[in-house]
Amino acid sequence: PVVPDNPTPAEIEALKARAISSPLVTHIYTADPSAHVFDGAIYIYPSHDIEGGVPFNDNGDHFCMEDYHVFRMASPDSEAVDCGVALHVKDVPWAERQMWAPDAARKNGKYYLYFPAKRADGIFQIGVAVGDRPEGPFKPEPTAIEGSYSIDPAVYADDDGEHYMYFGGLWGGQLQKYRDNTYAEANEEPAADEPALGPRVARLDAAMTGFAEAPREIVILDEEGKPLRAGDHERRYFEGPWMHRYKGTYYLSYSTGNTHFLCYATADNPYGPFTYRGRILSPVVGWTTHHSTCAIGDKWYLFYHDALLSGGVTHLRSIKMTELQHDEQGRIVMLHPYGG
Ligand code: FUB
């Protein structure tokens, strides 16, 4: 079913009745869930949505989050327990505002929270904070990660022990301002018939607090082996990258932003090029869609969000989870958040 842009209260109630999953958290608003299994429990690292009173615009200024809470679940069926504030923007020396979608990683008994935020000059960068426990608290590094830019870090731990950060988001996420890792105010999205901009990837250094290499741009190819075009809004990368590996294949999943799909592309290595394979999730209530995938036991799960609980307020979202299937050919079976 098509999700209305501005659902009425009656439409909200009808969608709630059809929804394939319920909010995991109801006492605060949460979004952009990055899920991991650490120490035998499920940890979710979401954005913490608040009402900041900033009017909606295409720059996402109404997403004015200030801190992060981490949630722990003993199993997929159990309650998501709020472990409290893990990091607040006032404690991050380089950041001023807009603590957007985070992720976390573990190495050698330490836990690393990666997060984007705007500096005082309005430019997004990505920082890291370090803790001794999965739920934090996390102590931020004094400066942002050198060479980082834009938003939506997702850190993938490969089987060989290397960690890769995928990142980048268009429009309010400022990715369109960068070419070859350099910002220019005049840069914009390419013309419709030019290759689309891709997410960036950089291997992390041994300390997990910096890049071991300059970020590379990922190319997503169509079925003919040609890069997706910037005008292909139903398939091109917009924001919210995530990486998982299934039966040896690397799956890059992401949001198409203004067309509101979660899609995926596959490759035989973490840098790509990736080949577009299809959709994971049809649009949710609310402008943004953002997810993670996580293997828990012998099942895969999709963590995502929608804005049903707030009655459709696009910057007041709620995290959800549902089982995700790969078919015999390794294709992800598309999900519809409200059935159908
Ligand atoms: O939550 C703020 C921003 O909205 C995220 O960084 C984007 O991915 C989108 O979900």
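A donor-acceptor pair under 3.5 Å is absent between the side-chain atoms of Asp132 and the main chain of Gly136, judged by distance alone. No donor-acceptor distance shorter than 3.5 angstrom exists from the side chain of Asp103 to the backbone of Ser34, with no hydrogens or angles considered. A donor-acceptor contact shorter than 3.5 Å links the side chain of His88 to the backbone of Lys90. In terms of modelled atom types and a separation under 3.5 Å, the side chain of Glu194 and the main chain of Ala230 share no donor-acceptor contact. A distance-only check finds a donor-acceptor pair linking the side chain of Glu213 to the backbone of Arg203 [under 3.5 Å]. A donor-acceptor pair under 3.5 Å links the side-chain atoms of Trp242 to the main chain of Thr293, judged by distance alone. Side-chain atoms of Gln125 come within 3.5 Å of backbone atoms of Ser148 as a donor-acceptor pair (strictly under, hydrogens ignored). A donor-acceptor pair under 3.5 Å is absent between the side-chain atoms of Tyr156 and the main chain of Glu162, judged by distance alone.
Contact check on Glu234 versus Arg279 returns a salt bridge, with a Lys/Arg side-chain nitrogen under 4.0 Å from an Asp/Glu carboxylate oxygen. Using a cut-off of 4.0 Å between Lys/Arg side-chain N and Asp/Glu carboxylate O, Asp82 and Arg72 are scored as not salt-bridged.
Within the structure, every pair that satisfies the ring pair (Phe, Tyr, Trp, His ring centres under 6.0 Å) test and touches residues 182-238, not counting sequence neighbours, is listed here: Phe167-Phe211, Trp171-Phe238, Tyr178-Tyr183, Tyr237-Tyr254, Phe238-Trp287.
Aromatic ring centres of His27 and His69 lie farther apart than the 6.0 Å criterion allows.
With side-chain heavy atoms closer than 4.5 Å counting as contact, directly or through intermediates, the hydrophobic cluster containing Ile44 also holds Leu24, Val25, Ile28, Val37, Ile42, Phe71, Met73, Ile296, Tyr301, Phe303, Ile319, Met321.
Every residue meeting the side-chain contact (heavy atoms from CB on, under 4.5 Å) condition with Asn269, not counting sequence neighbours, appears here in chain and number order: Tyr271.
Between Tyr251 and His244, the two ring planes are parallel [angle under 30°; tilted spans 30° to 60°].
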